[in-house]
Amino acid sequence: MLSIKELVNKVESGQHKALAVTEDCLKKIKASHLNSFITVTEREALAQAKVVDDKVARGEKVGVLAGVPLAIKDIIVTKGIRCTGGSKILDNYVAPYDATVVECLKKAGAIIIGKTNCDEFAMGSSGENSGFGPTKNPWDTTRVPGGSSSGSASAVAAGECLASLGTDTGGSIRQPAAFCGVVGLKPTYGRVSRYGLMAMTSSLDQAGPITQTVADAASILNVIAGHDDREATSSKLPVENYLAGLTKDIKGLKIGVAKEFFSDGLDKEVKKLVETAIAKMESLGASVVEVSIPTMAFALAAYYVICPSEVSANMARYDGVRYGRREDTNTLFELYTKTRGKLLGAEVKRRIMLGTYVLSAGYYEAYYRKAQLVRQVIKNDFDQVFSKVDILATPTTPTTAFKLNSKITDPLSMYLADVYTVPVNIAGLPAISVPCGFTAESLPVGLQLIGPSWSEAKILQLAHQYEQSESWFERRANNL
Amino acid sequence: MSLNEQEVKHLADLARLELTPAEVKNFTSQLGSVLDYVAKLQTVEGEIVVNNKTDGFSLRSDEVSDWSEVDKLISSAAKQEKNHIVVPEVFSDRE
């Protein structure tokens, strides 16, 4: 598939018709067995494509993403389109507005091809918590694509679209990107507006691109980043051109390697591929510095207190009253308990109850306040490390994509899969996962690059330089 | 195990979730495991530093504005009547 830049150039010049590109993707989606999509927006996509082609024919200027077929995670609202959040409770909900990120993409001429499958309300690391069946990994359909942005990652890896938007609260862009052999970027908290994202953990959620290459991720970030009056936590910091610095060499860049990311539980093959990638970056002129983040050991525990706490508040709105499905009941109390009991999935219910527990009187100090303290300590630890190095290089995940149904009965083992991604969200930092090779079983492995706040340009530069020095991005998945 | 089934039933009640007996059983052991895992947070010492900075944050002015597509909101509800959302009685024990 062409890169975003190449495609837009061809559409702008009339060489490619946006309509043909869109039809091609729709055909691939129809033939696919991956279950990447909950809703395919065929009619709307074809209409959007026609608008782009008509503009080109009239000699009018088109946007920087003109004709690019994009998929949107179903936790992000799209006006007039069914938006389920991956949940049965919203299975018939049609959003009356577009999320800010969707508005930005549409304004740039992107073609919204459909809403991708995801773990219910973004809670999960495999796609198996979706109310609409799990998505399959295009590299091995007996395995998970990762989650919670499961469909967003599999769709890009399978060529069902050129790029997608996911959301990342504890690793939900980076982990599926790693499992599916594509690029996934989580921006600094506040870099991209959360207006229109169904809130899961409001203090951690962030939307970001999943793409075939680093340059494509930069193209998308250019469009979606920026302040939004409607979103109180969005940053006023000006948006750089994230494409501008990609081709600068990395001579003199200090890459930190923290031993806590290379401990027990890290698969041997994953370790080797990541270490080889770090050595490659060294050969390109970077220097490697050993660092340590001792409080990393507490990040996952802090996350599994903070996340359920906010979830318990954010899920209260799904009560069968204003939107979504409701159960037939006699009393108002039953309306809530039966609707939520029947239509919310197990993981969502677990996190709601966990949050209710840790926020309750008697436990609030021991759990919630402690987790907030740990959050501060971890942030300080990362800040200290970034006074010594420019970027941290780590594996994205401790293993490659695991088999479907292998962790679903043991929530804790599922949580432990996020051990390398979660600390980044806790500290509010930006991070990217970029493919760094394949195991003997032909499963993709991801290299994670973490930077200090607002350093998206630097991590994109390093990721791009590494990516272009290898050819992992040229390998395509076969199983559709 | 950090939780018993009674506590889980109480939590479900507070969270307005109707659980099956099987769910109560499973969730009790699963939530117990998670609570055991997060207990390590207790070993971290220190005081939270409160950050009172407001730079970069802006709140909109507290002004009511009309939204032209209210009907789209109301139509999202499962049951509607005369531009209102219909629910079972709120006060169910009136004389």
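Order of the sequence lines sets the chain letters (A, B, ...), proteins ahead of strands, with each chain counted from 1. Being a predicted model, the structure only gives us computed values, none of them experimental.
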Shortest non-hydrogen separation from A:Ala366 to B:Gln42 and the atoms involved:
O-NE2, 3.2 Å
Please state whether the side chain, the backbone, both or neither of A:Thr356 comes within less than 4.5 Å of a heavy atom of chain B.
both
Side chain, backbone, both or neither: which part of B:Gln80 has a non-hydrogen atom closer than 4.5 Å to chain A?
neither
Apply side chain to side chain contact (heavy atoms under 4.5 Å, CB included) to the pair B:Leu31 and A:Tyr357, showing each step before the final yes or no.
CA-CA 10 Å; B:Leu31 293 180; A:Tyr357 182 86; over 6 Å; no
Hey, could you give me each pair passing salt bridge (Lys or Arg N to Asp or Glu O under 4.0 Å) that has a residue in residues 368-381 of chain A? Not counting sequence neighbours.
A:Glu365-A:Arg369, A:Lys379-A:Asp383
At a 4.5 Å cut-off on heavy atoms, which part of A:Asn330 comes close to chain B: side chain, backbone, both, or neither?
backbone
In Å, rounded to the nearest 0.5 Å, how long is the span from CG of A:Leu354 to CZ of B:Phe27?
11.5 Å
Side chain, backbone, both or neither: which part of A:Leu300 has an atom under 4.5 Å from a heavy atom of chain B?
both
Taking side chain as everything from C-beta outward and backbone as N, CA, C, O, which of these in A:Tyr304 sits under 4.5 Å from a heavy atom of chain B? Side chain, backbone, both or neither.
both
If you look only at distance, which donor and acceptor atoms sit under 3.5 Å apart when one is on a side chain in residues 9-19 of chain B and the other is two or more places apart or in another chain?
unit_1: B:Arg16; atom_1: NH1; unit_2: B:Asp13; atom_2: O; d: 2.9
unit_1: B:Glu18; atom_1: OE1; unit_2: A:Lys338; atom_2: NZ; d: 3.0
unit_1: B:Glu18; atom_1: OE2; unit_2: A:Lys338; atom_2: NZ; d: 3.4

Which portion of A:Tyr318 sits near chain B, non-hydrogen atoms under 4.5 angstrom
neither
OG on B:Ser76 to CG on A:Asn92, rounded to 0.5 Å:
8.5 Å
Applying a strict 4.5 Å limit to non-hydrogen atoms, the region of A:Thr409 in contact with chain B is backbone
Heavy-atom distances under 4.5 Å only: say whether A:Tyr415 touches chain B with side chain, backbone, both or neither.
side chain
Side chain, backbone, both or neither of B:Thr43 within contact of chain A (heavy atoms, under 4.5 Å)
side chain
Heavy atoms of A:Ala371 and B:Leu41 approach each other most closely as CB-CD1, 4.1 Å
Contact origin within A:Leu373 toward chain B - heavy atom pairs under 4.5 Å
both
Minimum heavy-atom distance between A:Ala297 and B:Lys40, given as atom pair plus value:
O-NZ, 3.2 Å
Where on A:Leu343 is there a heavy atom nearer than 4.5 Å to chain B: the side chain, the backbone, both, or neither?
neither
Atom group of B:Leu73 that falls short of 4.5 Å from chain A, counting heavy atoms:
both
Chain A shares the most heavy-atom pairs under 4.5 Å, among B:Ile74, B:Val49, B:Val87, with B:Val49
Atom group of A:Ala346 that falls short of 4.5 Å from chain B, counting heavy atoms
both
Any sub-3.5 Å donor-acceptor pair from B:Gln30's side-chain atoms to A:Arg350's backbone N or O?
no
Going from OH on A:Tyr97 to CD on B:Glu69, what distance comes out if it is rounded to the nearest 0.5 angstrom?
12.5 Å
Heavy-atom distance under 4.5 Å to chain B: side chain of A:Val321, backbone, both or neither?
both
